[in-house]
Novice: 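Got a structure for you, questions after.
Not measured: the values here are computed from a predicted model.
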Amino acid sequence: MKELMLGNKALARGLWEAGVAFVSSYPGTPSTEITEEAVKFNEIYCEWAPNEKVAMESAFGASLAGKRAFCGQKHVGLNVAADPLFTLSYTGINAGLVIVVADDAGMHSSQNEQDSRHYAIAAKVPMLEPADSAEALNFAKLAYEISEQFDTPVIIKMCTRVAHSQSVVETSERVEHSKTYEKNIAKYVMMPGNAKKRHPIVEERTKKLIEYAETTPINRVEFLTDELGIITSSTSYQYVKEVFGEGASVLKLGMINPLPVELIKNFASRVKKLVVVEELDPIIENHVKSLGLAVEGSELLPRIDEFSQNLVAERLGVRGQGSGVSLEDAIPPRPPVMCAGCPHRGLFYSLKKRKCTVLGDIGCYTLGAVPPLSTIELTLCMGASIGATHGFNKMLGKDSESKTVAVIGDSTFMHSGMTGLANVAYNQSNSTVIILDNSITGMTGHQQNPSTGLNIKGDPAGKIDLEALCRAMGIKRVRVVDPYNLKECDVAIKEELAAQEPSVIISRRPCALLKTVKHKPPLYVDKNKCIGCKSCMKIGCPAISMKDGKAVVDQTQCVGCEVCSQLCPKKAFAREA
């Protein structure tokens, strides 16, 4: 049956058709929908893990038990899972194990645009790279065949454009797969003596995979002319086909690691000019150059941001192609802001009022760095806020400790913040950590986490008590505040910064966008009382604007949180009786 599918949904369908029994992932755009679609199949056990490392280790355990397994993450998530990945290359698998990493060229929702192909090369594991939804489905099934044939985990590299675009796929039925677990200490226990014997196996496997890459149908030649030959993959293939049509021959690579040798040499020998079109780093180009072939690529195309038809046409000199359509009127910029009623807003206002140095983390609360709050001064990676604050305070001493805080979300704290807090407790910097507990993983679309008490299906699950956890980790000063109460926040921040020991403030209020949250009626501004002082604008709520010198509330956005009314010197905000 043919169906129009999102790339991520198609990949999830491929998991089901391949007989996958276990899925463990951590949400991260643009990979999140794979697991959200997989959970809809009753035959697949699915879970959100606390972080990507745990997800990969859990998936490996399922593979070891004899069931086909999967774990998914975005590109920066693979950094977290790199530790098990590199050793999994040595141990190999039992039942098939497939890992998806979704890159984000252009950084639409990421703090960097690293190229995950480097991980496949460094870990010496095969990597497939689909160019549309149909390939996402088919490559998922093929990846399990490769995994079991060559005794290796297999990485599928998605990207934003393939993950979040739709194309036609052809579905088929599920085929069950299962293996028996057999004890094998020499294969699975990676102490030095065993690991030393496994490394030659990895190298021999790579040779066999290169042979496979020479003939696999997912590396295919589309020969149309000898004037120009283009080697490409992923979404770049789509741009090349749209720009050149029949004006170029194409070697389309679906297996990106290891890369073929003879296939590339033969293709190069048939064309007068050879060009590589690939986003981000020159992985294919460098491989082609290592074969002694003359090739162009990185000198023509940028190494940053994602490509487009327009860019490929412009840089490769194709006239009359990719001209696009431009609007006569400039579109005004629309910077991201915290939602109306966001529980983080009041807390950040209090931090700014006290002129705190705020070291932040990864989440929607990172928007505390933008005007008018302009509070966060650091965002590095998941969980880094606490460790960075500890080091910052250790070096700058009491003056720093009295005004510096770490802010981190509840999901990010579960992901990788706990170890940072353990370091604060163990090595005793007088650091104040604020956990922004909005009862959900907000930045990726409202996924559950170990502190919410619900699992991926919304069923009751084990719930971590943040207060008890922090105390168990050695933090004696733990308090909870409501971020809608500015006075309460202000007092808590003042007292904890003054304390001569580590402390944790839990700012607890559910995300305003959760379906379970019941809002109060919206507010309005009494124009007779409003003096146009703009005090209410200091919190940057998108529901408040100025018109004719008076504050105005957009009642379609206002959730009645009353944070603005606490700032108004004339009490001009009111609610309909």
Novice: Quick check for you: to the nearest 0.5 Å, what is the distance between Glu262 atom CD and Thr215 atom OG1?
Specialist: 12.5 Å

Novice: Among Val275, Leu274, Asn286, which residue meets the side chain to side chain contact (heavy atoms under 4.5 Å, CB included) test with Val295?
Specialist: Leu274

Novice: Quick one about Thr206 and Glu203 (side-chain donor to acceptor, distance below 3.5 Å, no hydrogens or angles considered), yes or no?
Specialist: no

Novice: Keeping the roles fixed (side chain from Ser133, backbone from Met5), state whether a donor-acceptor pair exists under 3.5 Å.
Specialist: yes

Novice: Any heavy-atom pair between the side chains of Glu279 and Thr235 that's under 4.5 Å?
Specialist: yes

Novice: So does Glu37 pair up with Arg13, basic N to acidic O under 4.0 Å?
Specialist: no

Novice: Are Asp132 and Arg161 ion-paired here, with the side-chain N under 4.0 Å from a carboxylate O?
Specialist: no

Novice: Given side chains that start at C-beta, do those of Lys187 and Asp151 come closer than 4.5 Å, heavy atoms only?
Specialist: yes

Novice: Give a yes or no on whether Lys273 atom NZ has more than 12 heavy-atom contacts from other residues, nucleotides or ligands under 6.0 Å away.
Specialist: no

Novice: Return yes if some donor-acceptor pair links the side-chain N/O of Lys179 with the main-chain N/O of Ala95 below 3.5 Å, else return no.
Specialist: no

Novice: List the steps and the verdict of side-chain contact (heavy atoms from CB on, under 4.5 Å) for Met255 and Met127.
Specialist: CA-CA 6 Å; Met255 187 172 193; Met127 174 180 273; over 6 Å; no

Novice: Would you check, one step at a time, whether the test ring pair (Phe, Tyr, Trp, His ring centres under 6.0 Å) holds for Tyr26 with His415?
Specialist: CA-CA 9 Å; Tyr26 185 82; His415 179 282; 4.7 Å; yes

Novice: Rounded to the nearest 0.5 Å, how far does CG of Asn219 lie from OH of Tyr212?
Specialist: 9.0 Å

Novice: Could you tell me which non-hydrogen atom of Ile408 sits nearest to which non-hydrogen atom of Ser385, and how far apart they are?
Specialist: CB-OG, 3.7 Å

Novice: Using every non-hydrogen atom in the two residues, find where Ala461 and Leu454 come nearest and quote the distance to one decimal.
Specialist: CB-C, 3.8 Å

Novice: Any non-hydrogen side-chain atom of Asn138 less than 4.5 Å from a side-chain atom of Glu135?
Specialist: no

Novice: Report the C-alpha separation of Trp48 and Glu36 in whole Å, then their side-chain angles, then the decisive distance to 0.1 Å, and conclude whether the side-chain contact (heavy atoms from CB on, under 4.5 Å) test is met.
Specialist: CA-CA 10 Å; Trp48 291 125; Glu36 289 181 330; 3.8 Å; yes

Novice: If I take atom CE from residue Met158 and atom CD1 from residue Ile156, how far apart are they, to the nearest 0.5 angstrom?
Specialist: 8.0 Å

Novice: Just say parallel, tilted or perpendicular for the rings of Tyr90 and His199, cut-offs at 30° and 60°.
Specialist: parallel

Novice: Would you say the side-chain atoms of Arg220 pair up with the backbone N or O of Lys252, donor to acceptor, closer than 3.5 Å?
Specialist: no

Novice: Work out which heavy atom in Ala143 is nearest to a heavy atom in Val98; give both atom names and the distance.
Specialist: CB-CG2, 3.6 Å

Novice: Output, in order, the C-alpha distance, side-chain angles, deciding distance and verdict of side chain to side chain donor-acceptor pair (under 3.5 Å) for Gln238 and Gln309.
Specialist: CA-CA 8 Å; Gln238 306 292 358; Gln309 296 91 328; over 6 Å; no

Novice: Using modelled atom types and a 3.5 Å cut-off, is there a donor and acceptor pairing between side-chain atoms of Asp103 and backbone atoms of Cys159?
Specialist: no

Novice: So among Val39, Leu15, Val20, which one has a side chain to side chain contact (heavy atoms under 4.5 Å, CB included) with Cys46?
Specialist: Val39

Novice: Regarding Glu129 and Ser233, do their side chains bring together a donor and an acceptor under 3.5 Å, going by distance alone?
Specialist: yes

Novice: Do the side chains of Asn449 and Thr452 get nearer than 4.5 Å, heavy atoms only?
Specialist: yes

Novice: Is there a donor-acceptor contact under 3.5 Å from the side chain of Glu285 to the main chain of Ser298?
Specialist: yes

Novice: Compare all side-chain heavy atoms of Leu88 with those of Leu97 and state whether any distance is below 4.5 angstrom.
Specialist: yes

Novice: To the nearest 0.5 Å, what is the distance between CG on Asp410 and OG on Ser451?
Specialist: 4.0 Å

Novice: For Ala512 versus Gly341, what's the shortest heavy-atom pair and its separation?
Specialist: CB-O, 3.4 Å

Novice: Is the Phe41 ring parallel, tilted or perpendicular to the Trp16 ring (thresholds 30°, 60°)?
Specialist: parallel

Novice: Please determine whether side-chain contact (heavy atoms from CB on, under 4.5 Å) holds for the pair Ile362 and Gln111, giving the CA-CA distance in whole Å, both sets of side-chain angles, and the decisive distance to 0.1 Å.
Specialist: CA-CA 9 Å; Ile362 304 295; Gln111 65 268 41; 3.7 Å; yes

Novice: Quick one: do the Lys74 and Thr29 side chains pair a donor with an acceptor below 3.5 Å?
Specialist: no

Novice: Verify whether one side chain among Glu222 and Tyr237 offers a donor that lies under 3.5 Å from an acceptor in the other.
Specialist: yes

Novice: Is Glu57 paired with Lys53 through a side-chain N to carboxylate O contact shorter than 4.0 Å?
Specialist: yes

Novice: Give a yes-or-no answer on whether the side chains of Tyr365 and Asn438 include a donor-acceptor pair shorter than 3.5 Å.
Specialist: no

Novice: So, Asp115 side chain and Leu280 main chain: donor-acceptor pair closer than 3.5 Å or not?
Specialist: no

Novice: Are Asp104 and Thr160 linked by a side-chain donor-acceptor pair shorter than 3.5 Å?
Specialist: yes

Novice: Kindly determine whether Glu182 and Tyr188 satisfy side chain to side chain donor-acceptor pair (under 3.5 Å), including the steps that lead there.
Specialist: CA-CA 11 Å; Glu182 295 179 3; Tyr188 295 121; over 6 Å; no

Novice: What verdict does the side-chain contact (heavy atoms from CB on, under 4.5 Å) test give for Leu253 and Ile231, after you've listed the backbone C-alpha separation in whole Å, the side-chain angles of each residue and the deciding distance to 0.1 Å?
Specialist: CA-CA 7 Å; Leu253 296 171; Ile231 305 176; 3.6 Å; yes

Novice: Decide side chain to side chain donor-acceptor pair (under 3.5 Å) for Ser308 and Asn310; before the verdict, give the C-alpha distance in whole Å, the side-chain angles of both, and the deciding distance to 0.1 Å.
Specialist: CA-CA 5 Å; Ser308 66; Asn310 290 3; 5.3 Å; no

Novice: Between the side chain of Gln114 and the main-chain N/O of His75, is any donor-acceptor distance below 3.5 Å?
Specialist: yes

Novice: Do Leu514 and His446 make a side-chain contact, defined as non-hydrogen atoms from C-beta onward lying under 4.5 Å apart?
Specialist: yes

Novice: How far apart are the closest heavy atoms of Asp305 and Gly106, and which atoms are they?
Specialist: OD1-CA, 3.2 Å

Novice: Which value, rounded to the nearest 0.5 Å, describes the distance between Leu311 atom CG and Leu301 atom CG?
Specialist: 6.5 Å

Novice: Using the six-membered ring of Phe22, assess whether NZ or CZ of Arg68 lies under 6.0 Å from its centre and within 45 degrees of the ring axis.
Specialist: no

Novice: Go through the steps for Ser416 and Asn51 under the test side chain to side chain donor-acceptor pair (under 3.5 Å), then give the verdict.
Specialist: CA-CA 7 Å; Ser416 48; Asn51 65 30; over 6 Å; no

Novice: Look at the side chain of Asp281 and the backbone N and O of Arg303, then say whether any donor-acceptor pair between them is shorter than 3.5 Å.
Specialist: no

Novice: Counting distance only, does the side-chain N/O of Tyr45 pair as donor-acceptor with the main-chain N or O of Asn42 below 3.5 Å?
Specialist: no

Novice: Of all heavy-atom pairs between Val162 and Ser234, which one has the smallest distance, and what is that distance?
Specialist: CG2-OG, 4.1 Å

Novice: I need the Leu137 CG to Glu3 CD distance, nearest 0.5 Å.
Specialist: 10.0 Å

Novice: Going by distance alone, is a donor N or O of one side chain under 3.5 Å from an acceptor N or O of the other, for Ser172 and Lys141?
Specialist: yes

Novice: Go through the side-chain N and O atoms of His177 and Glu148 and say whether any donor and acceptor fall under 3.5 Å apart.
Specialist: no

Novice: Please check if the side chain of Thr225 supplies one atom and the backbone of Ser249 the other of a donor-acceptor pair under 3.5 Å.
Specialist: no

